2 protein chains.
Amino acid sequence: MQNPSEIVSQVRDSVTHAAASAAAEATTVSTVVSSQVGDFIRTQRNAAQVSLRELARSAGVSNPYLSQVERGLRKPSAEILAQIARGLKISAETLYEQAGILDRRSGTPDTVTAIRSDPALSERHKAVLLDLYESLADSTASPPTPQHAPLSTKEEHP
Amino acid sequence: MQNPSEIVSQVRDSVTHAAASAAAEATTVSTVVSSQVGDFIRTQRNAAQVSLRELARSAGVSNPYLSQVERGLRKPSAEILAQIARGLKISAETLYEQAGILDRRSGTPDTVTAIRSDPALSERHKAVLLDLYESLADSTASPPTPQHAPLSTKEEHP
DNA sequence: GCTCCCCGCTTGCAGGAGCAAGCAGGCGGG
DNA sequence: CCCGCCTGCTTGCTCCTGCAAGCGGGGAGC
């Protein structure tokens, strides 16, 4: 049997927890969840002319599950996400970003500068890469990532 | 009622699946990983002189669960990982890396990172550029991609 | 001595991830 | 015509994540 006072102690603990989780909810974007990832995956898959089952196979996941993921009925774990990324030949970071579990690599990377200053490339090769980059980047308009910032750095005290 | 032939068709599908998952299991490191993250988290927490309950509160997770995570009994999701990272004031990438759901970008030159995170490029184009980069870059200068690879490249047909 | 408060850990349960199995429909060839 | 093979979707199950509640213990104040 416990003393009433001890019980009170436990209760206070719980209350503190409740308050904390409430606060956490206030600061966390969370719930929106985003079928974003699913749409993105499906888009990428279609762009690559790959069937659902094919991708499922190469990614090592079951085809029904992939189907559900693409339609936003299921929220895939990071591991599954990484495997799908591998199957799609894209970077896991991109998918994590889409899933809202990673911030955008802030600070525009400036690929051109990186290529120009890359010691592993000869000048000729730099030219080739830059030329290709120019043709691929296209850059019509510039809608570069709206920055909704899902789980980004927050202020501790406002 | 179904025709036997159709059933056979279904069966073939299942068999293919079984083979695929077997292959996946063969090439995936999988289960070993986990406790790494827990140790890392606990180390970081102790280094910061923070109690378990405190971190749990600031990270927005329950204290018992954090306890289990630190001792490797539970495998936290990426979301939880990101929250813990926030509570510890460290980057989510670091924790993902420890959890084995993100490859180390250590050896990779800046150009690769720049391309990967370039908003002006589609994922397809990134793949193209990275592929070309790989073939152009001087291999003597940098030993690229260590590839310990928990979720790394896999053969299509063994 | 005894309370009070903190520490970390254990337990039982709700809910969701992920898969095996099965289903409906479209298309080419015997 | 209908058989085989593809496409994607739905269902029922198992396993595990994540939390609320409770436990035992150690140090400070009375």
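Residue numbers start from 1 in every chain, and the chains themselves are labelled A, B, ... in the order their sequence lines are given, proteins ahead of strands. Bear in mind that the values here come from a model prediction, so they are computed numbers and not experimental data.
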### Query
Of the nucleotides C/dA20, D/dG8, D/dA20, which has the atom closest to the B/Pro64 side chain?
D/dA20
### Message
Output the rounded distance in Å from CG (A/Asn63) to C1' (C/dG18).
### Response
12 Å
### Task
Please check if the side chain of A/Arg45 supplies one atom and the backbone of A/Val50 the other of a donor-acceptor pair under 3.5 Å.
yes
### Task
Kindly indicate, with the supporting measurements, whether the criterion side chain to side chain contact (heavy atoms under 4.5 Å, CB included) is fulfilled by B/Gln44 and B/Gln98.
CA-CA 12 Å; B/Gln44 291 294 315; B/Gln98 289 286 329; over 6 Å; no
### Message
I need the CZ-P distance between A/Arg57 and D/dC5, as an integer number of Å.
### Response
14 Å
### Message
Below the 4.0 Å mark, does D/dC5 have OP1 or OP2 next to a side-chain nitrogen or oxygen of A/Arg53?
### Response
no
#### Entry: Donor-acceptor contact present, side-chain A/Ser67 to main-chain A/Asn63, <3.5 Å
no
### Message
In this structure, how many angstroms lie between the P atom of C/dG8 and the CG atom of B/Leu66, rounded?
### Response
9 Å
### Query
Just how far, in rounded Å, is C1' of D/dC19 from CG of B/Leu52?
14 Å
### Query
Separation of A/Glu54 atom CD from D/dT7 atom C1', in whole Å?
11 Å
## Note on the structure
Heavy-atom nearest pair, B/Ala78 first then A/Ala78, reads CB-CB, 3.7 Å
## Note on the structure
Heavy atoms of A/Ala85 and A/Ala92 approach each other most closely as CB-CA, 3.9 Å
Below 3.5 Å between N/O atoms, which protein atoms pair up with nucleotides 15-17 of chain C? Just atom names and distances, please.
from   : atom 1 : to      : atom 2 : distance (Å)
C/dA17 : OP1    : A/Lys75 : N      : 3.2
C/dA17 : OP1    : A/Lys75 : O      : 3.4

Which atoms of nucleotides 26-29 of chain C (N or O only) lie under 3.5 Å from a protein N or O atom, and what are those distances?
none

### Query
Is the closest side-chain heavy-atom distance between B/Lys75 and B/Val37 below 4.5 Å?
no
### Query
Within this structure, what is the CD1-to-P distance between B/Ile101 and D/dT17, rounded to whole angstrom?
13 Å
### Task
Report yes if the side chains of A/Arg42 and A/Leu52 come closer than 4.5 Å at any heavy-atom pair, otherwise no.
yes
### Query
Is there side-chain contact between A/Leu55 and A/Leu88, with heavy atoms separated by less than 4.5 Å?
yes
### Message
So A/Leu129 and A/His125, do their side chains get closer than 4.5 Å, heavy atoms only?
### Response
no
### Task
Estimate the overall bend of the helix from C/dG1-D/dC30 to C/dG30-D/dC1 from the end axes over five pairs each, rounded to 10 degrees.
10°
### Query
Can you tell if the side chain of A/Leu132 reaches within under 4.5 Å of the side chain of B/Val128, non-hydrogen atoms only?
yes
### Residue whose nearest DNA chain C nucleotide is more 5′ - B/Ser51 or B/Gln68
B/Ser51
### Query
Can you tell which of D/dT10, C/dT10, C/dC19 lies closest to the side chain of A/Ser62?
C/dC19
### Query
Within the pair B/Ser67 and C/dC9, is there a side-chain N or O less than 4.0 Å away from OP1 or OP2?
yes
## Note on the structure
Of B/Ile90, B/Ile80, B/Leu102, the one forming a side chain to side chain contact (heavy atoms under 4.5 Å, CB included) with B/Leu95 is B/Ile90
